[in-house]
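The next block holds one structure in the form of structure tokens; read it before the comments.
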Number of protein chains: 2
Amino acid sequence: MRQLPPLNALRTFEASARNGSFAAAGKELFVTASAVSHQIKTLEEYLGIKLFSRSKRTVELTPSGKQYLVSVKHALNEIEVATHRLTASKETNVVQISVAPNFLTRWLMPRMSRFREMFPDIELRISASVGLLDFNQSSTDMAVYYGNGEWDDIEVHFLQKVMLVPVCSPKLLEGKHPLRDPGDLRNHTLIYVSTRMWEWENWFQVASSEYITPKDSLQLSSSQLTTAAAQENLGVALADLTLTSREISSGNLVVPFNIPLDTRKAFYLVHQKHRPLTTAMKAFKEWLIAEIQAPDVYGVESELSANVPGTASGSGQRQ
Amino acid sequence: MRQLPPLNALRTFEASARNGSFAAAGKELFVTASAVSHQIKTLEEYLGIKLFSRSKRTVELTPSGKQYLVSVKHALNEIEVATHRLTASKETNVVQISVAPNFLTRWLMPRMSRFREMFPDIELRISASVGLLDFNQSSTDMAVYYGNGEWDDIEVHFLQKVMLVPVCSPKLLEGKHPLRDPGDLRNHTLIYVSTRMWEWENWFQVASSEYITPKDSLQLSSSQLTTAAAQENLGVALADLTLTSREISSGNLVVPFNIPLDTRKAFYLVHQKHRPLTTAMKAFKEWLIAEIQAPDVYGVESELSANVPGTASGSGQRQ
DNA sequence: ACCTATCATGAGTTTTTCTCAGCAGTCTCG
DNA sequence: CGAGACTGCTGAGAAAAACTCATGATAGGT
């Protein structure tokens, strides 16, 4: 048997806290400020704890109130999302997708137009976000995660491995410090993603070379920025081969050493378990899977051979 | 502005679903079955969706109802836990702890009496559980997790690394297939934890030996069982040195090769972020940290040398 | 100093929720 | 087979909860 507080009072509490005022909360709930005051009083009496500290003109949450609000907000939000999901037509043609930023800008965005051609009726609402999300707390339908694929309580579908290779601007190769073997990197700036400092170290291991302390190093917060920095001739970064295929084939980036580091991480398409997919969701999922298995439009593989050591300097002519 | 369904009706809905009957739900809520019926009807009208399918004598959840129930239950549970946490005296001397099974039985249990001596007033309520838990959904105060320490939104405190070494019964060494170097393991049964099949392979890598296909293999579901199986002379298992120190020093288990595999995983003490700890919680946390740093009571380190290759057969005399 | 905004409180009103009574269907057991 | 025990639905009236209004108090802005 459950022991629950007066639930309607919780709704009033949450609105009051959010608005920072009983009067404002009353307006939102279409009742008078007096009604709000009564409700809060009831709740406080039930709990035996003051949730707001009153200073005759303004109200402010007490520490207990703040703590309680977090959970109440979370719970009400879940109810709201669940109710909306239930009420919303089963056959909407809108799909809300949250995508790992790098995958979004370098893979999905360039292919969006192809999806829209195939499914002009389906509206994709895309947002970028790192890390996991709680499907019970957001109205997001599906997501593209970056990681090792080990997540609980969600349906996971493998999309694509992430293999890192060093990339740099073609100009870098024209400088006085050539890149003939991995050890030559000591004369260059290594660009790190600050949360994944170990990647360069691992790469040197794979390249059967000792880890070198680079001339300079540059730390940036995301792989998007490191790739951009490499392109701006700021040094050498580690980037995924597939995701940078456009820059490589256009000659904006070159691969001085075609030695890939297997990060053991990948991109995955995920969605809620036990949830029947709408037609639109199914269409997106199937398109994504088919598209990712299709041969690369930009033909990296063939181009790449022109950018590996030996012929690398030749590719610099374009830029 | 929020768009919430009638919240009291949700409480009734949840109780009805849980009890599988309006009458039973009524009893639980101290109202008549009629009141329950009215409430459910109101909710269904609000949603525009039937939650129960009525068959004139019994009610059953519709698919939509089932789906909705999951979220409603989750949300109400969170409210209940939060309310209870708020209401409960700030200075209770009860601490609820969820502990990884292997750590519980092999480390915490043997030391519990020491804690009780030091803090006779504090009552520990301990349960074993694998994987993560949601502190917003359970009244657990703290937990000991096994993993890589990368968890979001919780306070994490490192306790102890997990280093795996092969262990077996001393009798095994007396058999006709001695264990002189890792390759000799091909003549024995290797015991695996079924969810962590790769550990043996990694160990052979560390032991600079090729991965061998063992004579037999045995898969068990937890490291508790694999250790027990090794002790029962069923083969060779990988076990954590610290956690099996008692068995090793008592001679029930021996370490044929003192080559540890660093699993990169460890035990961590975790609790909610931003939550002020009670005195009892602080006491347990500090005791645990101090205890884990204290020199091992069973003096494994000194004993161990007697159980490594060369002198290993000698340790078999005890058992 | 005065006007306005905000909140508390208690009495009275409105709205919501609950009970009761009656009806109907179904399962059980003698 | 049929009476009795359950279970659920419904509508009307009763009970409870929620809301409004009036009043008072206090603080901030002008």
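Per chain, numbering begins at 1; letters A, B, ... match sequence-line order. The figures that follow rest on heavy atoms only: side chains count, while hydrogens, waters and symmetry mates do not.
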Does a side-chain N-to-carboxylate-O contact under 4.0 Å join [X] and [Y]?
| X | Y | result |
| --- | --- | --- |
| Arg275(A) | Asp141(A) | yes |
| Arg18(B) | Glu14(B) | yes |
| Arg54(A) | Glu44(A) | yes |

Side chain to side chain donor-acceptor pair (under 3.5 Å) partners of Glu80(B), counting only residues at least two apart: Arg2(A)
Thr226(A): partners by side chain to side chain donor-acceptor pair (under 3.5 Å), with sequence neighbours left out: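 By the side chain to side chain donor-acceptor pair (under 3.5 Å) rule, Thr226(A) matches no residue at all.
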Touch class at under 4.0 angstrom, heavy-atom based, for Phe52(B) against every strand present: nothing
What integer distance in Å separates [X]:[atom1] from [N]:[atom2]?
| X | N | atom1 | atom2 | answer |
| --- | --- | --- | --- | --- |
| Phe30(B) | dA16(D) | CZ | C1' | 17 Å |
| Ile40(A) | dC19(D) | CD1 | P | 11 Å |
| Gln39(A) | dA16(D) | CD | C1' | 13 Å |

Are the aromatic rings of [X] and [Y] close, with centres under 6.0 Å apart?
| X | Y | value |
| --- | --- | --- |
| Tyr145(B) | Phe267(B) | no |
| Tyr146(B) | Phe103(B) | no |
| Phe284(A) | Phe119(A) | no |

Stretch residues 6-18 of chain A: residues that reach within less than 4.0 Å of DNA chain C through a heavy atom: none
Opening and closing nucleotides of DNA chain C in contact with chain B, under 4.0 Å to non-hydrogen atoms: dT17(C) to dC27(C)
Side chains of Tyr68(A) and Thr83(B), donor plus acceptor under 3.5 Å: yes
Contacts of Phe158(A) that satisfy ring pair (Phe, Tyr, Trp, His ring centres under 6.0 Å) - sequence neighbours left out: Tyr268(A)
Protein proximity profile, nucleotides 3-13 of chain D - base contact B, sugar-phosphate-only contact S, no contact -, cut-off 4.0 Å on heavy atoms: ---BSSSBBB-
